[in-house]
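Each ligand, and each atom within it, is numbered from 1 in the order the structure gives.
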Amino acid sequence: MRIGVLGGGQLGRMLALAGIPYGHEFVFLEPGGEAVRGLGELIAASADDRGALERLTEGTDVVTYEFENVPVSAARVTASRVPLHPPAEALHYAQDRVNEKTFFRELGIPTARFVPVELRGDLDKAAGSLGLPAMLKTRRFGYDGKGQRVLRVPADLGAAWAHLAGTPLVLEAFVPFTRELSILGVRDRDGATAFYPLVENVHRDGILRRSVAPAPGLTPALQALAETHMQRVFERLRYVGVLAIELFQVGDELVANEMAPRVHNSGHWTIDGAATSQFENHVRAITGWPLGPTTVTGAVGMVNLIGRIPDPNAVLAVPNARLHLYGKEPKPGRKVGHVTVVAESHDALARPLAALERLAQG
Ligand code: AMP
């Protein structure tokens with residue numbers, strides 16, 4: 001089949017690397033496209049270019065997206081011409097933190113308390129009702145920690161406002177989490193679902209640095225709770241493809257932070273550590289093929305390479321390490337690759353994972 005992808009970064013690259021063995025062809029709509037060079041046809045344009053969207057859908061069997069800031073209108077235009085998975089409606093919720101949290105709450109999925117903020121006076125009122133600490137975030141276009149400020153004391157309000165004002169904001173109560181987790185799952189066109197085990201994630205400066213799967217100490221009850229939450233999202237949206245939900249663990253509870261209606265960085269470990277990767281399962285789901293097993297083959301660690309590429313000799317000298325580079329020029333804060341390592345147990349994982357983290361930091 002010919003698969004169209006809105007976007008062409010590393011996620012598009014890894015989707016193609018998973019889909020090409022099935023004989024699929026890829027066409028990407030992406031202004032840059034260095035990460036997908038050689039993996040399919042490239043339409044070098046952005047998703048708001050109507051003519052480019054038409055070219056993307058011509059002769060294409062199915063379209064998907066690999067970044068969630070695709071304009072919903074562009075997704076709808078696409079969906080009027082060819083099947084689009086996941087649905088455009090998922091973008092509508094994922095693109096706006098207030099829509100997203102409202103959606104979660106309607107489905108009975110807990111979130112941080114939040115108050116939309118438009119005016120300076122709203123911020124004072126919101127901080128008064130939620131208390132401090134709190135997180136002030138842009139409602140839209142925030143990613144990798146951009147567009148947000150922590151408010152610890154009342155004096156922080158002015159500086160945070162000066163930094164973020166000019167676009168709709170939301171104030172969120174600070175969640176005193178034990179740790180950060182994510183759940184990844186996939187739903188096919190007939191409604192069958194599969195879930196990967198909860199992943200433990202560590203962020204620094206708002207950017208994912210490390211994931212461990214299954215999350216250490218994961219209980220069946222916590223896994224079941226996360227799957228129940230995701231199943232509600234799946235059913236409400238009649239979702240097709242891979243979905244990720246980022247969660248805060250607070251004791252035995254899970255608080256949803258945000259969802260990504262696409263393959264997700266906290267699932268990159270599945271390439272080397274699961275029977276079927278998130279990328280392969282996404283491709284299977286959107287093309288109407290049966291889902292593959294999500295069984296994990298050990299304790300798996302993933303470290304992001306951000307802003308620099310370590311010496312491949314040193315990385316590959318770590319037993320069982322796998323290096324994935326995205327073909328992107330290193331720049332500060334840019335994700336240029338990741339490394340995974342699979343071990344027999346979480347205890348056995350600790351040492352190689354620490355070695356890889358040291359190499360990633362340089
Ligand atoms: P986000 O852009 O919403 O994914 O936030 C980036 C990171 O900021 C998260 O991974 C958390 O580490 C932290 N964070 C975001 N929102 C909250 C919150 N309401 N309470 C506590 N920490 C948060």
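- Atom CD of Glu227 is separated from atom CD1 of Ile245 by 11.0 Å, given to the nearest 0.5 angstrom.
- Partner of Tyr196 under the side-chain hydrogen bond (donor to acceptor under 3.5 Å, both in side chains) criterion, chosen from Asn281, Thr270, Thr276: Asn281.
- Ligand 1 has a nitrogen or oxygen under 3.5 angstrom from a nitrogen or oxygen of Ala173.
- Where the criterion is an N or O separation shorter than 3.5 Å, residue side chain and backbone included, Met135 fails it with respect to ligand 1.
- Nearest heavy-atom pair, Pro261 versus Leu91, reported as atom, atom and distance to 0.1 Å: CG-CD2, 4.3 Å.
- If you check each of Gln148, Arg179, Glu172, Glu258 against atom 8 (O) of ligand 1, the one with the closest non-hydrogen atom is Gln148.
- Which parts of ligand 1 touch Phe177 is read off a 4.0 Å heavy-atom cut-off, strictly below it: atoms 21 (C), 22 (N).
- Looking at Lys137, Arg113, Glu180, Glu246 and measuring to atom 15 (C) of ligand 1, the nearest heavy atom belongs to Lys137.
- Within the listing of ligand 1, atoms 10 (O) sit less than 4.0 angstrom from a heavy atom of His203.
- The side chain to side chain donor-acceptor pair (under 3.5 Å) search around Ser211 returns Asn201, not counting sequence neighbours.
- Checked against side chain to side chain donor-acceptor pair (under 3.5 Å), Asp124 has the following partners two or more places apart in sequence or in another chain: Arg120.
- Residues Glu54 and Arg50 are not paired through a salt bridge, judged by the lack of any N-O separation under 4.0 Å between the basic side chain and the carboxylate.
- Neither the backbone nor the side chain of Asn201 has a heavy atom within less than 4.0 Å of ligand 1.
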